[in-house]
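Remember, it's a predicted structure, so these values are computed and weren't measured experimentally. Every heavy atom of this structure was used, including side-chain atoms; hydrogens, water molecules and symmetry mates were not.
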Amino acid sequence: MAVIGAGSAGLAGAVTAAELGLSVALVDSSTQVGGQFYRTPEPVLGAVRPEALHHDWAAFAGLRTRQRATSGITHLAGHHVWTVARQGDDLWAVHAVTGADGAGERPVCVRARAILIATGAYERQLPFPGWTLPGVVGAGGAQAMLKSGLVLPGRRVVVAGSGPLLLAVASSLAAAGARIPAVVEATGYLRYARHGRALATNPHKLLEAVVHGSALLRHRVPLRTRSAVTEVHGDERVEAVTVSRLDAEWRPVPGTGRRIACDALAVGHGLAPQIDLAVGLGCATRATADGASALVLDRLQETSVPGVWAAGETGGVGGAQLARTEGELAAYAVAARLGRRTPSIQSAHVARLRRRRDRMRSFADAMAQAHAPGPGWPEWLAEDTDVCRCEEVTAGTIREAVADLGARDARTVKLLTRAGMGWCQGRMCGAAVACLAAGADGEVEPPAERRPFAVPVPLGTLAGLEPGEPVEPVEPVGSPVSQEPPEKPAGPDR
């Protein structure tokens, strides 16, 4: 089995599969396991207690210990998977490039009989005037800076957006010494009251909220609900933000703007599943309650493409504990499909995993509904606000494409304006462009475009391809992966 992603879901799936007798290749772009959630400082930084920056560290530490104790896992760190291709009826080829930025010396091909996609999620951003100023970072990005580099984005940091991640980020930054003038949440937490059963069956989530809330009280951090940062001020970098009250549709209430001095803003409006590889394979997707796209999965985590499973945020954002459960469940399903001597997928343990998964998935759905962006948020935007940062496409340009040129979807806007054609390929602006393209009365379709490459690929890699092959395949020798290219006749570089 090839597992793509070494976060909570991928690590749990890889460890369980190896313990069930499978040979596993764990492929990840990072140099360490743990994914976005369990980031750890580089050893050179000399962190004494990295676990102090994490919630539920013991669960991750246990998985890491099991990973190191088994010989059935080949961990391929620093490998960026750019495509997955079918080779015959029962074989997959996972193609990756190496190096910190994917510009390593040679491509790598992993062959496997089953694929587990555990690629996690990335932050969703909704633009507003001034969001491109230095000092504006993603909420998860601020947490990653702290966990990986032991640095703060600023001394006085406003945390804003929507979703439970904000509380975790604010409490972490405050504990590390940052001054948090306010946590600004666009929704109201009373929305969770509509989902009493999901709350009652997931008491650990309430406990997490209490822990983070207590930390904010201890550090005297004010919480402003049904509010949003609608403008950032500053010349060379962030100097202040304007926080406005929002109505039920997320429209700014006139006259409610209040200016807060700060030198950094950590902002994010939830997470979007990272499903590029799966969509490229033709896996079916579904729209989530908060307007993102997630994979359609069966009761044992298999996608609509036989032989391809997924776990964690790819099926809808739900947190590390849900991801670990889904990764373990997928591993049992793969082992059963490949005919290993494993407990039946009808076993009591698998039944418990499914019940746990369903219980936590119900809370994830409730969370998505509670923090879904309101349709009025585009009123934050001035005509000259950049929506697509890479191509510098403004809100006015997109509105012109809709009003005057007849664009009615994000793809048409992209073709007319270049919004989403830049380095991030729409990951930063895709949600915003889709909302603006739909207009006030249209239905927003989550952007889920199929791309031939999931990550940037050096031209040298493509130039060296053999006809008919995405990457020259290498036969495995004692493991599912080979990094040594076969000998070629002497000749000029191609």
Side-chain angles (χ1 to χ4, degrees), residues 123-131 133 135-143 152-176 178-194 205-206 208-234 238-271 290 367-381:
E123 283 194 90
R124 176 171 54 191
Q125 298 292 341
L126 301 181
F128 45 86
W131 76 305
L133 270 176
V136 179
V137 299
Q143 196 173 47
L152 296 169
R155 295 182 179 274
R156 188 177 174 89
V157 187
V158 171
V159 179
S162 187
L165 177 63
L166 301 184
L167 300 180
V169 171
S171 61
S172 296
L173 295 178
R179 172 79 172 91
I180 312 296
V183 174
V184 185
E185 166 62 60
T187 63
Y189 291 109
L190 291 179
R191 288 188 178 188
Y192 282 93
R194 305 172 187 173
K205 291 295 183 182
L206 292 175
E208 288 181 25
V210 169
V211 170
H212 294 313
S214 299
L216 297 186
L217 287 174
R218 186 167 60 254
H219 292 283
R220 298 180 180 179
V221 177
L223 174 63
R224 300 191 180 190
T225 59
R226 299 189 65 177
S227 303
V229 170
T230 52
E231 189 173 0
V232 178
H233 310 280
V238 175
E239 297 174 5
V241 299
T242 292
V243 175
S244 303
R245 290 282 294 171
L246 302 180
D247 65 16
E249 303 296 320
W250 284 34
R251 296 183 181 88
V253 177
T256 62
R258 297 292 182 269
R259 190 167 173 136
I260 299 177
C262 60
D263 61 4
L265 170 66
V267 60
H269 295 85
L271 302 173
D290 59 352
M367 181 176 67
Q369 292 180 33
H371 296 284
W377 75 263
E379 293 191 17
W380 305 351
L381 304 175

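- Looking only at distances, no side-chain donor or acceptor of D290 sits under 3.5 Å from a matching main-chain atom of H371.
- V221 pairs with exactly one of L216, L173, V159 by the side chain to side chain contact (heavy atoms under 4.5 Å, CB included) rule, that one being L216.
- In this structure, W380 contributes its side chain and W250 its backbone to a donor-acceptor pair below 3.5 Å.
- At distances below 3.5 Å, not a single donor-acceptor pair connects side-chain atoms of R251 with backbone N or O atoms of E379.
- Under a cut-off of 6.0 angstrom, the local environment of CZ in R155 is sparse, with at most 12 non-hydrogen atoms contributed by other residues, nucleotides or ligands.
- Minimum heavy-atom separation, I180 to A170: CG1-O, 4.1 Å.
- Here the two rings, on W131 and H269, have centers that are 6.0 Å apart or farther.
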Kindly indicate, with the supporting measurements, whether the criterion side-chain hydrogen bond (donor to acceptor under 3.5 Å, both in side chains) is fulfilled by E185 and S227.
CA-CA 6 Å; E185 166 62 60; S227 303; over 6 Å; no

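- Within the 3.5 Å criterion, the main-chain N or O of G141 finds a donor-acceptor partner in the side chain of E123.
- Screening L166, V243, L246 against V184 for a side chain to side chain contact (heavy atoms under 4.5 Å, CB included) leaves a single residue, V243.
- Although no hydrogens or angles enter the test, the distance criterion places no donor-acceptor pair under 3.5 Å between the side chain of Q369 and the main chain of R191.
- Between T225 and G188, the shortest heavy-atom distance links the atoms CB-CA, 4.4 Å.
- Annotation for L126 and P373: closest pair CD1-CB, 4.1 Å, computed over non-hydrogen atoms.
- Heavy-atom neighbours of R156 CZ from other residues, nucleotides or ligands within 6.0 Å: above the threshold of 12.
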